[in-house]
Structure formats: C-alpha cells, structure tokens
Amino acid sequence: MHPVVQIDQLAGHADQTVTLAGWVYNARVSSKVVFLVVRDGTGLCQCVVGKADVPPEIFDRAAHLGQESSLRLTGSVHADPRAPGGYEIHVSDLQAVHSTTDYPISPKAHGIDFLFKHRHLWLRSRRPTAIMRIRHTVIDAIRRFFNDHGFLLVDTPIFAPSAGEGAQTLFEVDYFGDPMYLAQTGQLYLESAALAYGRVYCFGPTFRAEKSKTRRHLTEFWMVEPEIAWAELDDLLAVAEDFIVSIVERVLANHREDLETLGQDVSCLERIRKPFYRLTYSEAAEILRGPRARDLLEKDLAERQARIAELTARLEAQEKERSGPGVKKHRQDQLAQEILDGREELADLEEQVRNIPLHMQLAAGFEWGKDLGGSDETIISRLHDRPIFVTHYPRECKAFYMKRDPADPRVVRNFDLLAPDGYGEIIGGSQREDSLDALLERMAMENMPTEPYEWYLDLRRYGSVPHGGFGLGVERTVAWLCGLKHIRETIAFPRLMGRVYP
RNA sequence: UCCCCGAUAGCUCAAUCGGUAGAGCGAGCGGCUGUUAACCGCUAGGUUCUUGGUUCGAGUCCAAGUCGGGGAGCCA
C-alpha cells in the first residue's frame, strides 16, 4: 500500500502513485469505465476505473459501490482540466471498507426539514462543508486577534446563580435542589477579570430561552466577549472595527473557493474596510423618521412588486413548457428546479410586500426612547454599504451596567454594530458604569436586589477605572460572511425552539 | 404569545369543477468508451399527517389537533 494522501495535497503528487481513503460522493457507471467522485473531508477527487486497467472483480466492485461507501483506493495522479479539483486518479486497486446502500441524501433537491433531520449525514455534503470550514477560520481569527493584542483568556462560568434582568430568557436547571440558570453572558465576571489583568476575553457557548422562530436566532450559540480596562467608548469602537476587519481579511484570504461554493459574492466582503459608519441613536432615529427611510421602503416595495409580476409570468411560462409536448428529460429537470426556486422567491417576496407597509409605519412613527426593532436595524443597514456603529441609546431601554453619558444623561455610552445587507446586530457592547453611586441608583430604579451583586459592586469600591467591552455572535457573523439566509446552517448541530434532533 | 403558509411513494413535487393517486430522482436489474446532479430501458415502491364532519363519492370542502416553514415581539 502506498502512503495515504489527502485530496487537498494531490497537487504535490502529480504523476505519482498514491492511496486515497474516503467515501463515494457520487458514481457514474458505464460498461467500460466507472467514475467515482471520492470525498475525504479535504476535497473531492474524481477517480477513474477503466475496465481494461484492473482485474474484473475490482471493476465489478467499483461498479456497485453505493453513495457514501467507504473505501481505500490506489492509483496514479494525473492533472486533468476536466476534473473538479484539477487532478484525477487512474485507479489500479480498490478495497471497499464498508459498502453502503440506500444513503438517504441523494444528489438531487431536498427540503430543509429533511436535511436537518439528517444533519449528522448532511454535514458530509459540499455546502455544509464549506460553511464549517469558514466557521473554523472565523473562530481561529477571533482567537488570534485577541491573543495577538495582549488579551488574556478567562473562562467564565456557564452555571449562573442569579437571573439578573430578563430572567424569562434564561434556561433554568436544577442545581442540587436549587434553581440555577445557564449563562447568557460572561460579562459581569469578565469585568472582574479585566480589573485584574487589563485586557481579557471569554469565548464559549451561551444560552437564550427566547421563544424566537426566526432566521437570526438559536437557543444555543457561541459568543466571544472582550473586556478592556482603561477604555472608553471610542477605544471600544476602534477595537471592534479592527477586530471585524481582521476576521473578514482571514476569510477572504483562505476561502475564495468555499465562498464560491456558497454562491457568496466576495465583493460584498471586499468592501468591509475601515472606517465603519458611526451614528448616534438620535441620528438613527432621525433617519428612520425622515425621507431617506421612506424612499428606500417605497423603492423596495415597487421593486418587489415588479419582481413578483415578472416571476409570476416566468413561472406560468415555465409550467406551460414543462407540461407541453416533446420536452427533453434534462430540460424538465432544469425547469422543475427553476420553478421550485421561483416559487420560494415568490413566497419570500410576498411576505416582504405584506411587511413593508408595517415597517414604514414603524419607522415613520419611531419615538425617541424606544429600542431599535429588527426592521429599523434593517433599514439603517440597507442605507449603508459598510458596517455601522449605532451609539448612545436611551438609558431606559438598556441594561443597568451601562455607563451613563456625562454629556447627555438621557443616554448611555453603548454601541451596536449592524452588519450590512440586513444581517442585523452582530456586536453589542458598552462602556460600563464605573461609579458606585450611579450603579446603586440604577439598580434601585430597577428594583434589583444588591446582595447577589456585592462582588460586582466591589469592583467599583476598589480601584474602579473606566472600562468596557462587547460581545460578538459567532453564528450571525458566519451567516453574514457566507451570505446565508438562515443562521441554523452555521453550526453543526443547531439548537432551535422545537428542534433538538440529532 | 400572535399572524401567514404547508403536510401526497425513501426524496422533490403533480393531481383541472369534489369523480380510477402520477412524474422525476433514489433503490434493484439490464444497456452504453470520458461522465460532470450523466444518459436510455425495465421492476418494485401509497393508511394522501391524525381525529371527526359534509357528500352517492374527499388528496381536494368544513372543524379541531399534531408537526414543520416564514414573520412579529425579544435578542447576538
């Protein structure tokens, strides 16, 4: 047996004989030649078994390998422009390790429910593979950024004894007979670590019991949270900006091919440069109420209605062609797929058309003091071609620990980062309240008990300094960079309301 | 919690006005010298989500439920 070579290393073995260990991704069989597209986790490689080149039993074996059969094969590596990876293998020997029949995920179309019920197998397919590879790079870029900028990793607890604010969004667990909660942030603990070590971060899973069924929500997701001592709002924005740019650069440098597999336009990512836009909440509110938001939505509405008319006509013609006489099989297949895609787009558009008037109403009637809603964020982000920081939200709609702005006591020194193209909030952060009195006053306003927070208040009693941080949602970031419609594809085994299998 | 949509073969979907449940893919067998979701022929494959109702007759109409999808709120 020759040494086992990974498919992504084949270029270094041209004209040599190698062994491949992998699975049958697809097979095409004719009387004199079998084409096996083999998958090994690093790529796809077409392996050619010629009837004249191998003993009859090997040819017969190759001709009857079901999709996802595992195998080892040996052959010579040839450069071939017709092959998907640029190289193909002319097989001289082949062993089936496990012969598979009835693999559930065929090369043709499947519905999303079916695919997620088979997520344990679907991970093998091209699209999930591309996404998981990009996710890996995003996480590596996150860790590298903080490790290279003097941040110390401090892991914060997942069991949180106190519900704090928003108890209804926490999962309760039984902790030796007492109620405990799965943490939805490590931030308070991280503040303690920041005052100990200066620059720190935590990175782990986080849990939200929100009953959200949207394309932006999971009940379990990964969040990275840096926290920085001796930092004010502007310092935090600068870090967040460099941070995002470094992630985007890494993805662009390593994943052109994967992005192409996903149909993502890389020019969207190439536009992500410093400086990002900076808006205050009040400026954002003005935009929402003003003519730019209204014009955008009116234009959206008109464009979508035109597109609906165009699609409806196209679908009608395609359905007529499909049911008409003398249509070739291949063309029928093509039409069927186009009709399905068209209908899905149509349903999406019709929902949007129903929602736009409501969004217009919400934006036009936006009152200072309310938090920005999902549709408001979409409007703001659609009016800009790069990410946008929205800062200085009204104090009432934000958490107790955020630093009140000395220049305008109605607002706090916080920020959200909105990704372009309606991907929504990918970062939320703030400078923290460092004055003991201000913090106590705010906690009293919210009727919060102080005992569980004595340790947190100690941070303001012993050497308090300006500090702050932010949290970045990994899955939303990956969805944005990959151009995915739904966040559930960005994690191997998504946990959603009503979906925990597998 | 609220609003909209859906459930038919293993998968993706058809089935006109309420009148015998179909196609492609997948599977099995056969054919084909290089295929790119290959192609061609044959075979097998159904409790039309559940319960109840209307009707001579229900995949189709009505009611309730279950599950799923999309959206609102909430959020990263």
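Proteins get letters first, then strands, A, B, ... in listed order; numbering begins at 1 in each. Below, all heavy atoms of this structure are taken into account, side chains as well, without hydrogens, waters or symmetry copies. Keep in mind the model is a prediction, meaning the values are calculated, not measured.
Spacing between atom CG of A:Asp348 and atom C1' of B:rG71 amounts to 10 Å, rounded to whole angstrom units. Separating the CZ atom of A:Phe415 from the C1' atom of B:rA76 is a distance of 12 Å, rounded to the nearest angstrom.
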Could you pull out every donor-acceptor pair under 3.5 Å between side chains of residues 36-49 of chain A and any protein atom, sequence neighbours left out?
residue : atom : partner : partner atom : Å
A:Arg39 : NE   : A:Glu68 : OE2          : 3.1
A:Arg39 : NH2  : A:Glu68 : OE1          : 2.7
A:Asp40 : OD1  : A:Thr42 : N            : 2.8
A:Asp40 : OD1  : A:Thr42 : OG1          : 2.7
A:Asp40 : OD1  : A:Gly43 : N            : 3.4
A:Asp40 : OD2  : A:Ile7  : N            : 2.9
A:Asp40 : OD2  : A:Thr42 : OG1          : 3.4
A:Thr42 : OG1  : A:Ile7  : N            : 3.2
A:Thr42 : OG1  : A:Asp8  : N            : 3.1
A:Gln46 : OE1  : A:Arg28 : NH2          : 3.1
A:Gln46 : NE2  : A:Glu88 : OE1          : 3.4

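Residue-level contact check: A:Lys51 touches neither bases nor backbone, having no heavy atom under 4.0 Å from any strand. Within 4.0 Å (heavy atoms only), A:His118 reaches no atom of the nucleic acid at all. At a threshold of 4.0 angstrom between heavy atoms, the contacts of A:Gln46 include nucleobase atoms, whether or not backbone atoms are also involved.
Between the side chain of A:Thr185 and the main chain of A:Gln187, a donor-acceptor pair closer than 3.5 Å is present.
Residues forming a salt bridge (charged side-chain N to carboxylate O under 4.0 Å, His left out) with A:Glu475 (at least two apart in sequence, or on another chain): A:Arg135. Residues forming a ring-ring contact (aromatic ring centres under 6.0 Å, His included) with A:His90 (at least two apart in sequence, or on another chain): A:His78.
The ring of A:Trp368 has its center closer than 6.0 angstrom to the ring center of A:Tyr281.
Contact check on A:Asp140 versus A:Arg250 returns a salt bridge, with a Lys/Arg side-chain nitrogen under 4.0 Å from an Asp/Glu carboxylate oxygen. For the pair A:Lys370 and A:Asp376, the salt-bridge criterion is not met [side-chain N within less than 4.0 Å of a carboxylate O]. Ion pairing between A:Glu350 and A:Arg304 fails under the 4.0 Å rule for side-chain N and carboxylate O.
The two residues A:Val239 and A:Phe470 come nearest to each other via the heavy atoms CG1-CE2, 4.1 Å.
The aromatic ring of A:Phe35 does not sit over the base of B:rG34, since the test of centres under 5.5 Å and planes under 30° is not met.
Residues of residues 365-373 of chain A having a heavy atom closer than 4.0 Å to RNA chain B, listed by number: A:Asp371.
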Pairing annotation in dot-bracket form, given for RNA chain B with Watson-Crick or G-U pairs under 3.5 Å and | for cross-strand partners:
(((((((..((((.....[..)))).(((((.......))))).....(((((..]....))))))))))))....
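Where A:Arg499 and A:Phe114 meet RNA chain B, the nucleotide closest to each residue was compared, and A:Phe114 sits on the side nearer the 5' end. With RNA chain B read from its 5' end, the first of the two nearest nucleotides for A:Thr219 and A:Asn355 is the one closest to A:Asn355.
Rounded to a whole angstrom, the distance from the C1' atom of B:rC3 to that of B:rA76 is 25 Å. Distance check on atom C1': B:rG65 versus B:rA23 gives 32 Å, rounded to whole Å. Taking the C1' atom of each, B:rG59 and B:rU20 are spaced 14 Å apart, rounded to whole Å.
Between A:Trp222 and A:Phe203, the ring-plane angle classifies as perpendicular under the 30° and 60° cut-offs.
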Would you list the protein and nucleotides 26-33 of chain B atom pairs, both N or O, that sit under 3.5 Å from each other?
residue : atom : partner : partner atom : Å
B:rC32  : N4   : A:Val29 : O            : 3.4
B:rC32  : N4   : A:Ser31 : N            : 3.4
B:rU33  : OP2  : A:Ser31 : OG           : 2.8

